[in-house]
Amino acid sequence: MELTRAQLAQFEDLGYLFLPDVFDTAETGVLNREAHKIFAMQRREVVREKDEKTARTAFAAHYYNEAYRRLGRHPRLILPIMQILGGGVYMHQYKINAKAAFNGDVWQWHQDYGTWARDDLMPEPRAMNIALFLEEVTEFNGALMFIPRSHQQGTLKAGHDLQTTSYPLWTIDNDTISRLVKEGGLVAPKGRAGSVILFHGNLVHGSPSNMSPFDRTIVYLSLCHVDNHIRQFKRPEWIAHRDFAPIEPLADDCLRELARAAA
Ligand code: SIN
Ligand code: MN
């Protein structure tokens, strides 16, 4: 999957791109089934919400699940990011966010590069996310919100929030958010399972809690240019990875093959 010049220009201008229906229902079906099996596992990579029961996020599933190993090397996710970042990329972080029906908690306003720079000493924002919806995202189940063009502000001042949710995050204060929204507005891309969002490491984003009866599972690959690898190893390896070798994409049908074998 190659991005067009118009798509590249839109990404540069707004800081994100929304691509509907990139994966089909056989592919998202197998990934979603495996995600819910992973959420039910008792392992350190599965972080719970404050209720200590509901899964919030599952890290590093490419280490222990075959479908996620394949997704982590999927050409429809890796190649567009290689195109944007201009060369080989490695997986800095890999997570499946549950945002479970009724109990999925808020993600406060933040920039991902804010965390990568402060906690991991990643030299530059030559790293970004590509996210895949495994369930339909609607206005009801905690859609991700972005402030368009906020990636052009560099790395903003942030405070380390250890309290609001079960997962620590470098978050941005309300006055800054108000100013940025006045300038750039707000968007919340919605769409079917199989849709993809890619967004700049400095794009400000967050998501509200999910009080609907619908789960909102999204997988995030955080990919970094191989020359820009992290310099500090403070966080556990399964949160901030240390294999800086360039990812070699698999064949385009690698997940369909798994779905067929499971049928
Ligand atoms: C994140 O920003 O890392 C997660 C946001 C979400 O999944 O809603
Ligand atoms: Mn984030």
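Read the numbers this way: they start at 1 and go in the same order the structure lists the ligands and their atoms. Just so you know, these numbers come straight off a predicted model, no measurement behind them.
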Per-atom contacts of ligand 1 with Lys95, taking only distances under 4.0 Å to non-hydrogen atoms: 3 (O)
Heavy-atom neighbours of Arg231 CZ exceed 12 at 6.0 Å: yes
For atom 4 (C) of ligand 1, closest protein heavy-atom neighbour: Asn97 ND2, 3.1 Å
CD/Glu139: more than 12 non-hydrogen atoms of other groups inside 6.0 Å: yes
Met41, CE: over 12 other non-hydrogen atoms inside 6.0 angstrom: yes
Heavy atoms of other groups near Asp51 CG, more than 12 under 6.0 Å: yes
Degrees at the Mn ion (ligand 2) between the NE2 atom of His205 and the NE2 atom of His110, nearest 10°: 90°
Contact partition for Arg216 relative to ligand 1, non-hydrogen atoms under 4.0 Å: side chain
Residues Glu34, Lys37: salt bridge by 4.0 Å N-O rule: yes
Top protein contact for atom 8 (O) of ligand 1, by heavy-atom distance: Ser207 OG, 2.6 Å
Per-atom contacts, ligand 1 versus Leu144 - under 4.0 Å to a heavy atom: 5 (C), 6 (C), 8 (O)
Atom of Asp112 closest to the Mn ion (ligand 2), considering N, O or S atoms: OD1
Transitive ILVMFWY side-chain link Phe199 to Phe133, under 4.5 Å: yes
For atom 6 (C) of ligand 1, the protein heavy atom that lies nearest, with its residue and separation: Tyr220 OH, 3.2 Å
Other residues, nucleotides, ligands: >12 heavy atoms within 6.0 Å of Gln232 CD: yes
Identity of the nearest option to atom 1 (C) of ligand 1, non-hydrogen atoms only, from Arg56, His110, Gln93: His110
